[in-house]
Amino acid sequence: MSREHRRCLIIGSGPAGYTAAIYASRANLSPLLYEGIQPGGQLTQTTDVENFPGYPEGITGPALTQDLRNQALRFGTEIRSGLATKADLSKAPYVITFEEGVEVEADTVIIATGASAKYLGLPDEEKYAGMGVSACATCDGFFYRNKKVAVVGGGDTACEEALYLASLASHVYMIVRKDYLRASDIMRQRVAANEKITVLYEHNTVGLYGEDGVEGAHLVKHLGQPDEERVDLPIDGFFLAIGHHPNSELFADYVEVDEVGYIKTEGPTPRTRVPGVFAAGDVADPLYRQAVTAAASGCKAAIEAERYLGEHGL
Ligand code: NDP
(Lines give C-alpha, C1' and ligand atoms only; values in the text may rest on other atoms or scores of the structure.)
Protein backbone atom coordinates (compact mmCIF):
# COMPACT_ATOMS: atom_id res chain seq x y z
CA MET A 1 0.00 0.00 0.00
CA SER A 2 1.50 3.35 -1.04
CA ARG A 3 0.37 6.68 0.37
CA GLU A 4 0.93 10.12 -1.11
CA HIS A 5 -0.19 13.59 -0.16
CA ARG A 6 -2.02 16.07 -2.46
CA ARG A 7 -3.48 19.53 -1.95
CA CYS A 8 -6.37 18.85 -4.30
CA LEU A 9 -7.82 15.50 -5.35
CA ILE A 10 -10.56 15.35 -7.99
CA ILE A 11 -12.56 12.15 -8.35
CA GLY A 12 -14.42 11.79 -11.63
CA SER A 13 -13.86 12.78 -15.21
CA GLY A 14 -17.04 14.24 -16.66
CA PRO A 15 -17.32 17.94 -17.47
CA ALA A 16 -17.44 18.70 -13.72
CA GLY A 17 -14.20 16.88 -12.90
CA TYR A 18 -12.25 18.18 -15.90
CA THR A 19 -13.43 21.76 -15.41
CA ALA A 20 -12.46 21.58 -11.74
CA ALA A 21 -9.07 20.33 -12.90
CA ILE A 22 -8.63 23.19 -15.40
CA TYR A 23 -9.34 25.78 -12.71
CA ALA A 24 -7.38 24.02 -9.97
CA SER A 25 -4.29 23.55 -12.13
CA ARG A 26 -4.37 27.15 -13.34
CA ALA A 27 -4.51 28.16 -9.66
CA ASN A 28 -1.34 26.11 -8.97
CA LEU A 29 -3.07 23.55 -6.78
CA SER A 30 -1.29 20.71 -8.65
CA PRO A 31 -4.47 18.64 -8.77
CA LEU A 32 -4.59 14.90 -9.17
CA LEU A 33 -7.64 13.64 -11.07
CA TYR A 34 -8.82 10.04 -11.06
CA GLU A 35 -10.90 9.15 -14.10
CA GLY A 36 -12.85 6.16 -12.83
CA ILE A 37 -14.17 3.32 -14.95
CA GLN A 38 -15.80 5.43 -17.63
CA PRO A 39 -13.45 8.31 -18.47
CA GLY A 40 -15.59 11.19 -19.66
CA GLY A 41 -18.68 9.96 -17.86
CA GLN A 42 -22.16 10.05 -19.36
CA LEU A 43 -21.04 12.48 -22.06
CA THR A 44 -19.19 9.71 -23.84
CA GLN A 45 -22.51 7.94 -24.41
CA THR A 46 -23.97 10.91 -26.25
CA THR A 47 -23.20 11.01 -29.93
CA ASP A 48 -23.76 14.67 -30.80
CA VAL A 49 -23.60 17.50 -28.28
CA GLU A 50 -25.23 20.59 -29.76
CA ASN A 51 -26.01 22.55 -26.62
CA PHE A 52 -22.55 23.03 -25.09
CA PRO A 53 -21.69 26.72 -25.64
CA GLY A 54 -18.73 27.39 -27.88
CA TYR A 55 -19.36 24.67 -30.45
CA PRO A 56 -21.65 26.26 -33.04
CA GLU A 57 -21.47 23.20 -35.29
CA GLY A 58 -21.90 20.75 -32.39
CA ILE A 59 -19.35 18.21 -31.22
CA THR A 60 -19.44 14.54 -30.36
CA GLY A 61 -19.48 13.58 -26.68
CA PRO A 62 -16.10 11.78 -26.89
CA ALA A 63 -14.48 14.73 -28.72
CA LEU A 64 -15.75 17.22 -26.14
CA THR A 65 -14.43 14.96 -23.38
CA GLN A 66 -11.04 14.83 -25.10
CA ASP A 67 -10.95 18.64 -25.43
CA LEU A 68 -11.75 19.09 -21.73
CA ARG A 69 -9.14 16.49 -20.80
CA ASN A 70 -6.47 18.09 -22.98
CA GLN A 71 -7.22 21.48 -21.47
CA ALA A 72 -6.76 20.06 -17.96
CA LEU A 73 -3.49 18.39 -19.00
CA ARG A 74 -2.21 21.59 -20.59
CA PHE A 75 -2.14 23.33 -17.21
CA GLY A 76 -0.48 20.44 -15.45
CA THR A 77 -3.26 18.27 -14.02
CA GLU A 78 -2.04 14.77 -13.30
CA ILE A 79 -4.62 12.35 -14.64
CA ARG A 80 -4.78 8.70 -13.63
CA SER A 81 -7.25 5.97 -14.35
CA GLY A 82 -8.63 3.95 -11.48
CA LEU A 83 -11.65 3.53 -9.31
CA ALA A 84 -11.95 4.90 -5.79
CA THR A 85 -12.78 1.98 -3.51
CA LYS A 86 -12.77 3.57 -0.06
CA ALA A 87 -13.05 7.03 1.45
CA ASP A 88 -12.24 8.24 4.92
CA LEU A 89 -13.53 11.79 5.32
CA SER A 90 -13.68 11.64 9.11
CA LYS A 91 -10.78 14.05 9.55
CA ALA A 92 -8.45 16.16 7.41
CA PRO A 93 -6.35 15.33 5.52
CA TYR A 94 -8.88 13.00 3.92
CA VAL A 95 -7.81 9.57 2.70
CA ILE A 96 -9.15 8.03 -0.50
CA THR A 97 -8.09 4.55 -1.50
CA PHE A 98 -7.95 3.57 -5.16
CA GLU A 99 -7.73 0.24 -6.91
CA GLU A 100 -4.35 -1.41 -6.66
CA GLY A 101 -3.99 -0.07 -3.13
CA VAL A 102 -2.94 3.52 -3.83
CA GLU A 103 -3.91 5.76 -0.93
CA VAL A 104 -4.15 9.48 -1.53
CA GLU A 105 -4.17 11.83 1.42
CA ALA A 106 -5.75 15.11 0.32
CA ASP A 107 -6.33 18.52 1.89
CA THR A 108 -9.28 19.13 -0.42
CA VAL A 109 -11.43 16.63 -2.30
CA ILE A 110 -13.74 17.41 -5.21
CA ILE A 111 -16.32 14.66 -5.68
CA ALA A 112 -17.42 14.64 -9.32
CA THR A 113 -18.41 11.02 -9.68
CA GLY A 114 -21.60 11.73 -11.64
CA ALA A 115 -24.84 9.84 -11.86
CA SER A 116 -25.84 6.90 -13.97
CA ALA A 117 -29.17 6.69 -15.76
CA LYS A 118 -31.03 3.55 -14.90
CA TYR A 119 -31.78 1.15 -17.74
CA LEU A 120 -34.24 -1.70 -17.91
CA GLY A 121 -31.43 -4.21 -18.37
CA LEU A 122 -32.53 -5.50 -21.76
CA PRO A 123 -29.78 -6.71 -24.12
CA ASP A 124 -31.45 -4.61 -26.87
CA GLU A 125 -30.70 -1.42 -24.94
CA GLU A 126 -27.01 -2.12 -25.48
CA LYS A 127 -27.51 -3.32 -29.03
CA TYR A 128 -29.19 -0.04 -30.04
CA ALA A 129 -27.12 2.30 -27.82
CA GLY A 130 -26.66 5.53 -29.79
CA MET A 131 -28.96 4.11 -32.50
CA GLY A 132 -32.31 5.10 -31.07
CA VAL A 133 -31.89 4.38 -27.36
CA SER A 134 -31.26 7.35 -25.10
CA ALA A 135 -31.62 8.30 -21.47
CA CYS A 136 -31.62 12.05 -22.07
CA ALA A 137 -34.39 13.79 -24.01
CA THR A 138 -32.77 17.22 -23.68
CA CYS A 139 -29.57 15.83 -25.23
CA ASP A 140 -31.04 13.75 -28.04
CA GLY A 141 -34.66 14.82 -28.53
CA PHE A 142 -33.73 17.18 -31.34
CA PHE A 143 -32.84 14.22 -33.57
CA TYR A 144 -36.44 12.97 -33.42
CA ARG A 145 -38.22 15.96 -34.89
CA ASN A 146 -41.45 14.79 -36.55
CA LYS A 147 -40.71 11.19 -35.60
CA LYS A 148 -42.40 8.84 -33.16
CA VAL A 149 -40.77 8.19 -29.83
CA ALA A 150 -41.50 6.38 -26.57
CA VAL A 151 -40.55 7.30 -23.03
CA VAL A 152 -40.37 4.60 -20.37
CA GLY A 153 -41.41 5.58 -16.84
CA GLY A 154 -44.26 7.24 -15.02
CA GLY A 155 -42.49 9.68 -12.69
CA ASP A 156 -41.85 13.41 -12.94
CA THR A 157 -38.78 12.90 -15.11
CA ALA A 158 -40.70 10.75 -17.60
CA CYS A 159 -43.50 13.33 -17.80
CA GLU A 160 -41.00 16.14 -18.25
CA GLU A 161 -39.17 14.25 -20.96
CA ALA A 162 -42.44 13.32 -22.69
CA LEU A 163 -43.60 16.93 -22.67
CA TYR A 164 -40.26 18.13 -24.00
CA LEU A 165 -40.27 15.48 -26.73
CA ALA A 166 -43.88 16.32 -27.64
CA SER A 167 -42.66 19.76 -28.70
CA LEU A 168 -40.41 18.10 -31.30
CA ALA A 169 -41.68 14.65 -32.19
CA SER A 170 -44.83 13.81 -34.15
CA HIS A 171 -46.06 11.59 -31.32
CA VAL A 172 -44.88 10.44 -27.91
CA TYR A 173 -45.90 7.23 -26.17
CA MET A 174 -45.30 6.83 -22.47
CA ILE A 175 -44.73 3.20 -21.48
CA VAL A 176 -45.87 2.86 -17.86
CA ARG A 177 -45.78 -0.42 -16.00
CA LYS A 178 -48.52 0.45 -13.47
CA ASP A 179 -52.08 1.64 -14.10
CA TYR A 180 -51.24 5.16 -12.93
CA LEU A 181 -48.52 7.79 -13.23
CA ARG A 182 -46.64 8.33 -10.02
CA ALA A 183 -45.71 11.86 -11.12
CA SER A 184 -47.02 14.98 -9.36
CA ASP A 185 -50.55 16.22 -10.12
CA ILE A 186 -49.41 19.11 -12.23
CA MET A 187 -47.25 16.92 -14.44
CA ARG A 188 -50.03 14.37 -14.85
CA GLN A 189 -52.40 17.13 -15.88
CA ARG A 190 -49.96 18.52 -18.41
CA VAL A 191 -49.44 15.09 -19.91
CA ALA A 192 -53.19 14.46 -20.07
CA ALA A 193 -53.75 17.81 -21.78
CA ASN A 194 -51.16 17.17 -24.47
CA GLU A 195 -52.73 15.65 -27.56
CA LYS A 196 -49.38 14.40 -28.82
CA ILE A 197 -48.86 12.13 -25.81
CA THR A 198 -50.48 8.71 -25.42
CA VAL A 199 -49.94 6.91 -22.12
CA LEU A 200 -49.78 3.12 -22.42
CA TYR A 201 -50.61 1.96 -18.91
CA GLU A 202 -49.70 -1.52 -17.68
CA HIS A 203 -47.22 -2.06 -20.48
CA ASN A 204 -43.72 -3.47 -20.10
CA THR A 205 -40.98 -3.38 -22.69
CA VAL A 206 -39.41 -6.75 -23.45
CA GLY A 207 -37.30 -5.89 -26.50
CA LEU A 208 -36.58 -3.56 -29.40
CA TYR A 209 -36.44 -4.24 -33.10
CA GLY A 210 -35.05 -2.58 -36.24
CA GLU A 211 -32.48 -3.06 -38.98
CA ASP A 212 -29.98 -0.17 -38.58
CA GLY A 213 -31.53 1.42 -35.53
CA VAL A 214 -34.69 1.31 -33.46
CA GLU A 215 -37.82 0.83 -35.56
CA GLY A 216 -40.07 -0.32 -32.76
CA ALA A 217 -40.48 -1.80 -29.31
CA HIS A 218 -41.90 -5.16 -28.30
CA LEU A 219 -44.28 -4.54 -25.43
CA VAL A 220 -46.37 -6.79 -23.25
CA LYS A 221 -49.67 -5.52 -21.90
CA HIS A 222 -50.82 -6.95 -18.55
CA LEU A 223 -47.60 -8.92 -18.12
CA GLY A 224 -48.13 -12.13 -16.16
CA GLN A 225 -51.93 -11.82 -16.13
CA PRO A 226 -54.42 -14.16 -17.85
CA ASP A 227 -55.16 -11.55 -20.52
CA GLU A 228 -51.45 -10.89 -21.23
CA GLU A 229 -51.01 -9.56 -24.76
CA ARG A 230 -47.97 -8.80 -26.94
CA VAL A 231 -47.98 -5.46 -28.73
CA ASP A 232 -45.44 -4.12 -31.21
CA LEU A 233 -45.11 -0.34 -31.11
CA PRO A 234 -43.45 1.30 -34.15
CA ILE A 235 -41.15 4.10 -32.92
CA ASP A 236 -37.85 5.73 -33.97
CA GLY A 237 -36.56 6.63 -30.52
CA PHE A 238 -36.72 4.88 -27.16
CA PHE A 239 -36.06 7.07 -24.12
CA LEU A 240 -35.45 5.76 -20.62
CA ALA A 241 -36.71 7.92 -17.75
CA ILE A 242 -36.86 5.46 -14.89
CA GLY A 243 -34.57 7.39 -12.59
CA HIS A 244 -30.91 8.17 -12.07
CA HIS A 245 -28.53 6.74 -9.61
CA PRO A 246 -25.99 9.23 -8.16
CA ASN A 247 -22.59 7.65 -7.61
CA SER A 248 -22.24 8.79 -4.01
CA GLU A 249 -22.17 5.55 -2.00
CA LEU A 250 -18.52 5.83 -1.07
CA PHE A 251 -19.02 9.21 0.59
CA ALA A 252 -22.53 8.87 2.00
CA ASP A 253 -21.34 8.14 5.55
CA TYR A 254 -19.71 11.56 5.74
CA VAL A 255 -21.48 14.03 3.47
CA GLU A 256 -25.21 14.64 3.58
CA VAL A 257 -27.22 12.93 0.85
CA ASP A 258 -30.91 13.16 -0.02
CA GLU A 259 -33.28 10.19 -0.09
CA VAL A 260 -32.14 9.23 -3.60
CA GLY A 261 -28.45 9.62 -2.80
CA TYR A 262 -27.66 13.03 -4.34
CA ILE A 263 -25.05 14.85 -2.28
CA LYS A 264 -26.51 17.91 -0.57
CA THR A 265 -24.49 21.09 -0.85
CA GLU A 266 -24.72 24.40 0.96
CA GLY A 267 -27.04 26.72 -0.96
CA PRO A 268 -25.64 27.64 -4.35
CA THR A 269 -22.11 26.53 -3.40
CA PRO A 270 -20.53 23.09 -3.94
CA ARG A 271 -19.59 22.86 -0.23
CA THR A 272 -20.60 19.67 1.53
CA ARG A 273 -20.89 19.47 5.29
CA VAL A 274 -17.28 18.23 5.44
CA PRO A 275 -14.91 21.23 5.33
CA GLY A 276 -12.66 21.07 2.26
CA VAL A 277 -14.81 18.45 0.54
CA PHE A 278 -16.85 19.70 -2.40
CA ALA A 279 -19.36 18.03 -4.71
CA ALA A 280 -19.76 19.02 -8.35
CA GLY A 281 -21.79 17.84 -11.30
CA ASP A 282 -24.55 15.26 -11.46
CA VAL A 283 -23.65 13.56 -8.16
CA ALA A 284 -25.06 16.66 -6.49
CA ASP A 285 -27.60 17.77 -9.09
CA PRO A 286 -31.03 16.12 -9.25
CA LEU A 287 -32.46 19.05 -11.20
CA TYR A 288 -30.47 20.04 -14.29
CA ARG A 289 -27.99 17.26 -15.14
CA GLN A 290 -26.50 19.10 -18.12
CA ALA A 291 -22.87 19.08 -19.25
CA VAL A 292 -22.71 22.85 -19.01
CA THR A 293 -24.19 23.00 -15.49
CA ALA A 294 -21.77 20.25 -14.42
CA ALA A 295 -18.85 22.23 -15.85
CA ALA A 296 -19.98 25.34 -14.01
CA SER A 297 -20.18 23.53 -10.69
CA GLY A 298 -16.71 22.05 -11.27
CA CYS A 299 -15.41 25.59 -11.68
CA LYS A 300 -17.07 26.65 -8.42
CA ALA A 301 -15.63 23.64 -6.59
CA ALA A 302 -12.08 24.46 -7.69
CA ILE A 303 -12.47 28.09 -6.62
CA GLU A 304 -13.78 26.91 -3.25
CA ALA A 305 -10.84 24.49 -2.90
CA GLU A 306 -8.38 27.28 -3.63
CA ARG A 307 -9.99 29.55 -1.03
CA TYR A 308 -10.12 26.78 1.55
CA LEU A 309 -6.42 25.99 1.10
CA GLY A 310 -5.55 29.69 1.35
CA GLU A 311 -7.64 30.22 4.47
CA HIS A 312 -6.05 27.19 6.16
CA GLY A 313 -2.50 28.01 5.08
CA LEU A 314 -2.22 24.72 3.16
P1 NDP B 1 -39.12 8.17 -9.95
O2 NDP B 1 -38.46 7.16 -9.11
O3 NDP B 1 -40.06 9.14 -9.31
O4 NDP B 1 -39.98 7.43 -11.10
C5 NDP B 1 -39.44 6.39 -11.81
C6 NDP B 1 -40.50 5.87 -12.75
O7 NDP B 1 -39.90 4.84 -13.52
C8 NDP B 1 -41.71 5.26 -12.04
O9 NDP B 1 -42.87 5.48 -12.78
C10 NDP B 1 -41.36 3.78 -12.01
O11 NDP B 1 -42.48 2.94 -12.04
C12 NDP B 1 -40.64 3.65 -13.34
N13 NDP B 1 -39.74 2.52 -13.33
C14 NDP B 1 -38.70 2.28 -12.49
N15 NDP B 1 -38.09 1.13 -12.81
C16 NDP B 1 -38.78 0.63 -13.87
C17 NDP B 1 -38.67 -0.55 -14.65
N18 NDP B 1 -37.69 -1.44 -14.41
N19 NDP B 1 -39.55 -0.77 -15.65
C20 NDP B 1 -40.53 0.14 -15.91
N21 NDP B 1 -40.69 1.28 -15.22
C22 NDP B 1 -39.83 1.51 -14.21
O23 NDP B 1 -37.93 8.87 -10.74
P24 NDP B 1 -37.88 10.30 -11.46
O25 NDP B 1 -36.55 10.37 -12.11
O26 NDP B 1 -39.07 10.52 -12.27
O27 NDP B 1 -37.91 11.33 -10.26
C28 NDP B 1 -36.92 11.29 -9.22
C29 NDP B 1 -37.24 12.39 -8.21
O30 NDP B 1 -37.01 13.67 -8.78
C31 NDP B 1 -38.71 12.38 -7.79
O32 NDP B 1 -38.79 12.71 -6.45
C33 NDP B 1 -39.33 13.43 -8.65
O34 NDP B 1 -40.49 14.00 -8.07
C35 NDP B 1 -38.19 14.44 -8.76
N36 NDP B 1 -38.30 15.22 -10.00
C37 NDP B 1 -38.93 16.43 -9.93
C38 NDP B 1 -39.09 17.20 -11.05
C39 NDP B 1 -39.77 18.49 -10.93
O40 NDP B 1 -40.25 18.80 -9.86
N41 NDP B 1 -39.83 19.27 -11.98
C42 NDP B 1 -38.58 16.76 -12.37
C43 NDP B 1 -37.95 15.48 -12.33
C44 NDP B 1 -37.83 14.74 -11.19
P45 NDP B 1 -43.36 2.67 -10.74
O46 NDP B 1 -44.19 3.88 -10.52
O47 NDP B 1 -44.14 1.49 -11.17
O48 NDP B 1 -42.39 2.37 -9.62
Side-chain angles (χ1 to χ4, degrees), residues 1-41 65-66 68-114 246-255 263 265-266 269-284 294-314:
M1 183 88 61
S2 67
R3 185 178 278 208
E4 55 192 288
H5 180 268
R6 295 292 174 138
R7 294 174 74 210
C8 179
L9 171 67
I10 300 165
I11 310 168
S13 59
Y18 287 136
T19 305
I22 293 164
Y23 274 76
S25 49
R26 289 188 81 251
N28 284 332
L29 306 189
S30 311
L32 169 62
L33 180 148
Y34 265 88
E35 289 186 318
I37 37 170
Q38 191 193 358
T65 298
Q66 201 55 47
L68 290 165
R69 191 176 192 276
N70 287 341
Q71 202 171 346
L73 285 170
R74 179 181 157 208
F75 297 110
T77 300
E78 183 181 344
I79 297 181
R80 293 185 193 161
S81 58
L83 202 62
T85 55
K86 207 171 130 198
D88 181 357
L89 306 181
S90 57
K91 59 179 189 321
Y94 307 111
V95 181
I96 312 291
T97 308
F98 292 89
E99 284 169 323
E100 294 164 15
V102 179
E103 278 187 350
V104 179
E105 195 182 79
D107 297 320
T108 60
V109 178
I110 296 176
I111 303 168
T113 43
N247 303 317
S248 63
E249 290 87 353
L250 221 51
F251 316 99
D253 286 346
Y254 306 97
V255 300
I263 297 179
T265 53
E266 234 177 72
T269 78
R271 288 177 219 145
T272 69
R273 72 172 169 201
V274 183
V277 176
F278 308 98
D282 285 12
V283 73
S297 66
C299 155
K300 292 187 206 172
I303 291 173
E304 288 282 345
E306 185 190 0
R307 287 185 185 156
Y308 175 90
L309 291 166
E311 282 163 13
H312 291 78
L314 295 164

(request) State the CD1-OH distance between Ile111 and Tyr94, to the nearest 0.5 angstrom. (result) 10.5 Å
(message) Do Val95 and Arg3 have side chains that approach each other closer than 4.5 Å (heavy atoms only, starting at C-beta)?
(response) yes
(request) State, to 0.1 Å, how close Thr77 and Ser25 come at their nearest heavy-atom pair, and which atoms those are. (result) OG1-OG, 3.3 Å
(message) Restricting to non-hydrogen atoms, name the atom on Ala295 and the atom on Thr19 that form the minimum distance, rounded to 0.1 Å.
(response) O-CG2, 3.2 Å
(message) On a heavy-atom basis, which atom in Tyr34 and which in Val102 lie closest, and how many Å separate them?
(response) OH-CG1, 3.7 Å
(message) I need the Leu29 CG to Tyr308 OH distance, nearest 0.5 Å.
(response) 13.0 Å
(message) How long is the straight-line distance from CZ of Arg307 back to CZ of Arg271, given to the nearest 0.5 Å?
(response) 8.0 Å
(request) Output, in order, the C-alpha distance, side-chain angles, deciding distance and verdict of side-chain contact (heavy atoms from CB on, under 4.5 Å) for His312 and Asp107. (result) CA-CA 10 Å; His312 291 78; Asp107 297 320; over 6 Å; no
(request) Please report the closest heavy-atom contact between Ile11 and Ala84, naming both atoms and the distance. (result) CG2-CB, 4.3 Å
(request) Calculate, to the nearest 0.5 Å, the distance between atoms CD1 and CG belonging to Ile263 and Asp282 respectively. (result) 11.5 Å
(request) Check whether any side-chain heavy atom of Phe251 sits under 4.5 Å from a side-chain heavy atom of Val283, and report yes or no. (result) no
(message) If I compare all heavy atoms of Ala305 with all of Ile110, which pair ends up nearest, and what's the gap?
(response) CB-CD1, 4.4 Å
(message) Looking at every non-hydrogen atom in both residues, tell me the closest pair between Pro31 and Ala21 and how far apart they are.
(response) CG-O, 4.0 Å
(request) Kindly indicate whether the side chain of Ile22, heavy atoms from C-beta on, has any atom under 4.5 Å from the side chain of Arg74. (result) no
(request) Give the C-alpha distance, both sets of side-chain angles, the deciding distance and a yes or no for side-chain contact (heavy atoms from CB on, under 4.5 Å) between Ser248 and Thr113. (result) CA-CA 7 Å; Ser248 63; Thr113 43; 5.7 Å; no
(message) Check whether Thr97 reaches the backbone of Thr85 with its side chain - one donor and one acceptor, N or O, closer than 3.5 Å.
(response) no
(message) Counting C-beta onward and ignoring hydrogens, is there a side-chain heavy-atom pair between Thr272 and Tyr254 closer than 4.5 Å?
(response) no
(message) I'd like to know whether Leu89 forms a side-chain contact (heavy atoms from CB on, under 4.5 Å) with Ile96, so could you lay out the CA-CA distance, the side-chain angles of the two residues, the decisive distance to 0.1 Å, and finally the verdict.
(response) CA-CA 8 Å; Leu89 306 181; Ile96 312 291; 4.0 Å; yes
(request) Assess whether side-chain contact (heavy atoms from CB on, under 4.5 Å) is satisfied between Phe98 and Leu9, documenting all intermediate values. (result) CA-CA 12 Å; Phe98 292 89; Leu9 171 67; 4.2 Å; yes
(request) Measure the spacing between CD of Glu100 and CG of Leu83 and express it to the nearest 0.5 Å. (result) 11.0 Å
(request) Report the distance from atom CG of Leu32 to atom CZ of Arg6, rounding to the nearest 0.5 Å. (result) 4.5 Å
(request) Please tell me if the side chains of Phe278 and Glu266 come closer than 4.5 Å, counting only heavy atoms from C-beta onward. (result) no
(request) Indicate yes or no for a side-chain donor-acceptor contact from Ser297 to the backbone of Ala294 under 3.5 Å, with no hydrogens or angles considered. (result) yes
(message) Looking at Leu314, is its backbone amide N or carbonyl O close enough to the side chain of Arg7 to form a donor-acceptor pair, meaning the two atoms are under 3.5 Å apart?
(response) yes
